[in-house]
2 protein chains.
Amino acid sequence: MASSIIATNSSANACTHGFIKASCSDCNLKGLCLPIALDIGDIERVDKIIQRSRPLQSGDHLYRTGDPFRSIYAVRSGSIKTYLVDENGIEQVTGFFLPGEVLGFDGVANHKHACNVVALETSSVCEIPFEKLEELSLQIHTLQHHMFQLMGQQIESDHQMMLTLSKKNAEGRIATLLLSLSKRYARRNLSPNAMRLPMSRMDMGNFLGLTIETVSRTLSRLHKEDVISVDGREIVLKNHERLDELCHLLQ
Amino acid sequence: MASSIIATNSSANACTHGFIKASCSDCNLKGLCLPIALDIGDIERVDKIIQRSRPLQSGDHLYRTGDPFRSIYAVRSGSIKTYLVDENGIEQVTGFFLPGEVLGFDGVANHKHACNVVALETSSVCEIPFEKLEELSLQIHTLQHHMFQLMGQQIESDHQMMLTLSKKNAEGRIATLLLSLSKRYARRNLSPNAMRLPMSRMDMGNFLGLTIETVSRTLSRLHKEDVISVDGREIVLKNHERLDELCHLLQ
DNA sequence: CGCCCCATTGAGACGGCTCAACTTGCGTGG
DNA sequence: CCACGCAAGTTGAGCCGTCTCAATGGGGCG
C-alpha cells in the first residue's frame, strides 16, 4: 500500500545471519524509497541513523498497539501485515507491506503505536528512529518533502481502500488486491503476473471485509473463468483487462 | 476525522463579508490546530503565509481531482466533504471536515489533488500554501512535527474507518459516525448531544457504505429505541453507552 | 400551486455470511 | 514408515442483512 523510504535490501550482497552490514547506497531498493534528488552525501547521512536488526520470523511482532513510538520501518525483505484490534477483539488488517515500502506512521500522532505489526514470513526491516529522522529532515529539505510524500501516499491509498470496502463486491475487492500486489511486484522488476501471495486467505478476507469462504469461492470462480490460476498461494494473473473491469464494477 | 492546524475562526471577531481580516493569534480555533508549543513570534510567522479568502457557498468546490496541489486548508467555519470519483463514476465520500480540522493532504504525494472537495454549507477556510509551509517547517521544528502529527492523525482515523466499513453492520456504522461527530463538537466546546448534521442522508450513506434507505431505516430504529432522537438533520444523542455498544458489535 | 429534492417506509431479491463437512499438507511421535 | 492431530483451504446448503425497486410524504422555491 504505502511506498517506501529507505529500505536496504541486502539480498544482492546477501549477507548471512547475525548482524547486518548493509548500506543505502548499494541497496537495490533505494530507488523506491529514498528521494531521487538526494545526493550521495545526504544518502550517507540518512544511512547513518538507520538500524538494521536481525530478521523477524513469521509471526514475530515488530511492535504492538500502545508501544511507545520511536521509529518507522522500511521493509527490506519478506512481507509484513499491520492490523488493528478494537475493544471487543475485532481485528482489522489495515495493510500489507512489501520490500521497499515504509510503515509505522501510526504512532506519529500520539507518540504511541496505534496498530500491531507482524511478519507474514521471515522478513527484515530497516529501523529509522523518528526523532533523528525529524532532525535530518530539518536540514535536508528534500528529505522533509519526501516524508510528507510518503505519508500523503499512505493517505491516498487508504482512501482508495475505503472506496474498495464501501463500494465493491467480493470479486471487485479480490481483483483490486491482486492488481495492487501485481503493480507493487512490477515496481521491483518482478513478474506482474506470477506471484506467491504472502498472506493467508484469512488475512486477505479480513483485509477485504470478506470471510475466508467467500475469498476461497471467489478465487475458485475466477480460476474457473480463466481470469487467474490459483494453486494455494501461487497465483497467476491471466487476464488483466478482465480484472480491471471487475475492479470498477459497482456492487 | 482529521484534526486541524491553523484554522482562524472569525466568528468571535465576526467580521462581515468581503475580504477577511483575521489572525491566528486571536482565533478561537488555534488551540485545535496550532502546535501548543508554538510561541507568539512563531504563530505570527505562520499567520503571515495564510490566505483567507471569501466564503464558499454550499456546493462550491474548493478543488477537484487533478488540480495542481498548492495548498492545504483549515476549516474556519461551516463544513466540508471530500470525495473520490473512480473511472466508472462511482463516488466515495472519504471524509467530513469541521471547523478546526485540516484537509488537503491528498495531493502531497503527486503534486496533484487526488480527490474533490466541496462545501456542505456556507463555509470559510484558511488556505495555507504548502511550499511556504514546508519552508517554515524547516525553520520551526515544532511546526514540522505538528505537520507529521496531523498527517499521522489522518492515517489513524482512515484506518479506523477501514475497520468500520469492513467489520460493522449498519447500526454500528451509523453509531460510529454519530459518536465521531459528537466528539468533534465537544472539542469545540459545543454540545456533544444535540447537533445538526451537516450532511445529507445521501452523503452519510455514501461515506458509510450504505444506501440512503438503510441509513434512514437505521436512524428511525434508533429513534424508536430511544437511543437518539431524529428530526431531519437535527439529532440528539440520548444514550451514549448504547451507541458505544453498537459501535463495537460485530457484523 | 406545482415542481423538485430529500427523506421515509414497505416488499421482495440477492450477495455474502453462517454452519458444517470434507480435503490437503505438514509436523510430530509412536 | 505410517498414524495422528492440527491448521488452512475448499465446497455446499440455508439464512439474514442490506440492496433494489417502488410508492408516499414533506419542505423549499419559482
Side-chain angles (χ1 to χ4, degrees), chain A residues 57-59 79 81 90-93 118 120-122 164-178 196-225 228-235 246-247 249-251, chain B residues 57-59 81 90-93 118 120-122 164-178 196-225 228-235 246 249-251:
Chain A
Q57 297 305 313
S58 174
S79 52
K81 131 186 133 175
I90 305 175
E91 297 194 5
Q92 174 65 43
V93 174
V118 66
L120 293 173
E121 58 191 311
T122 305
T164 296
L165 290 172
S166 162
K167 299 288 183 294
K168 295 180 189 174
N169 63 12
E171 280 191 343
R173 296 182 198 193
I174 298 275
T176 302
L177 176 58
L178 292 181
R196 180 175 175 76
L197 297 176
M199 76 291 282
S200 66
R201 299 288 190 268
M202 186 82 170
D203 286 331
M204 285 180 77
N206 186 301
F207 181 59
L208 296 173
L210 302 169
T211 58
I212 55 170
E213 293 95 330
T214 299
V215 171
S216 184
R217 272 187 262 268
T218 304
L219 288 174
S220 297
R221 191 174 341 123
L222 292 177
H223 188 147
K224 208 173 296 171
E225 293 167 358
I228 62 178
S229 102
V230 186
D231 177 20
R233 294 192 177 191
E234 300 291 342
I235 302 265
L246 293 177
C247 278
L249 240 50
L250 50 164
Q251 77 173 5
Chain B
Q57 296 306 312
S58 175
K81 133 187 132 175
I90 305 175
E91 297 193 8
Q92 175 64 43
V93 174
V118 65
L120 293 173
E121 59 191 312
T122 305
T164 296
L165 290 171
S166 162
K167 299 288 182 295
K168 296 180 189 175
N169 64 11
E171 278 190 344
R173 296 183 198 191
I174 299 274
T176 302
L177 176 58
L178 293 180
R196 181 176 174 76
L197 297 177
M199 76 292 282
S200 66
R201 299 288 190 267
M202 187 80 170
D203 286 331
M204 285 180 77
N206 186 301
F207 181 58
L208 297 173
L210 302 169
T211 58
I212 54 171
E213 293 94 332
T214 300
V215 172
S216 186
R217 272 187 263 267
T218 305
L219 288 173
S220 297
R221 191 175 341 124
L222 292 176
H223 188 148
K224 207 174 297 171
E225 292 167 0
I228 62 179
S229 102
V230 186
D231 177 19
R233 293 192 177 190
E234 299 293 340
I235 302 265
L246 293 177
L249 239 52
L250 50 162
Q251 75 173 9

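Within every chain, numbering begins at 1; the chains are lettered A, B, ... in the order of the sequence lines, protein sequences first and strands thereafter.
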Close side-chain approach of B/R233 and B/S200, heavy atoms under 4.5 Å: yes
Whole-Å distance between C/dC17 P and A/I90 CD1? 14 Å
Contact between A/S79 and A/M199 at the side-chain level, heavy atoms closer than 4.5 Å - yes or no? no
Taking the side chain as C-beta and beyond, is there a heavy-atom pair between A/L178 and A/L197 under 4.5 Å? yes
B/H223 NE2 - C/dT9 C1' separation (whole Å): 15 Å
State, with a plain yes or no, whether a side-chain heavy atom of A/N206 is found less than 4.5 Å away from one of B/K167. yes
Given B/M204, which partner from the list B/L177, B/V93, B/T218 fulfils the side-chain contact (heavy atoms from CB on, under 4.5 Å) test? B/L177
Quick check for you: among D/dG9, C/dG16, D/dT10, whose closest atom lies nearest to any side-chain atom of A/R233? D/dG9
D/dC19, OP1 or OP2 - any side-chain N/O from B/T214 closer than 4.0 Å? yes
Looking at C/dT9, I'd like to know if its phosphate oxygens (OP1 or OP2) sit under 4.0 Å from a side-chain N or O belonging to B/S220. yes
Taken to the nearest whole Å, NZ/A/K167 to C1'/D/dC19 is 13 Å
From NZ of B/K168 over to P of C/dC17, roughly how many Å is that when rounded to an integer? 18 Å
Between atom CD1 in B/I174 and atom C1' in C/dT8, what is the gap in whole Å? 14 Å
Once you apply a heavy-atom cut-off of 4.0 Å, does B/L219 come out as touching a base, just sugar-phosphate, or nothing? nothing
Look at A/T211 and C/dC17 and indicate whether a side-chain polar atom (N or O) is within less than 4.0 Å of OP1 or OP2. yes
Rounded distance (Å) that lies between atom P of C/dA20 and atom CD1 of A/I212: 15 Å
Enumerate the salt bridge (Lys or Arg N to Asp or Glu O under 4.0 Å) contacts for residues 197-221 of chain A, please, sequence neighbours excluded, ordered by first and then second residue. A/K81-A/D203, A/E171-A/R221
Atom pair distance, as rounded to whole Å: CG in A/L210 and P in D/dG9: 15 Å
Below 3.5 Å is the cut-off: list the nitrogen or oxygen pairs between protein and nucleotides 10-13 of chain C, distance only.
| unit_1 | atom_1 | unit_2 | atom_2 | d |
| --- | --- | --- | --- | --- |
| C/dG10 | N7 | B/R217 | NH1 | 2.7 |
| C/dG10 | O6 | B/R217 | NH2 | 3.4 |

CG of A/N206 versus P of C/dG16: gap in Å, rounded? 17 Å
CA sep, side-chain torsions, deciding dist, call: B/L222, B/V230, side chain to side chain contact (heavy atoms under 4.5 Å, CB included): CA-CA 9 Å; B/L222 292 176; B/V230 186; over 6 Å; no
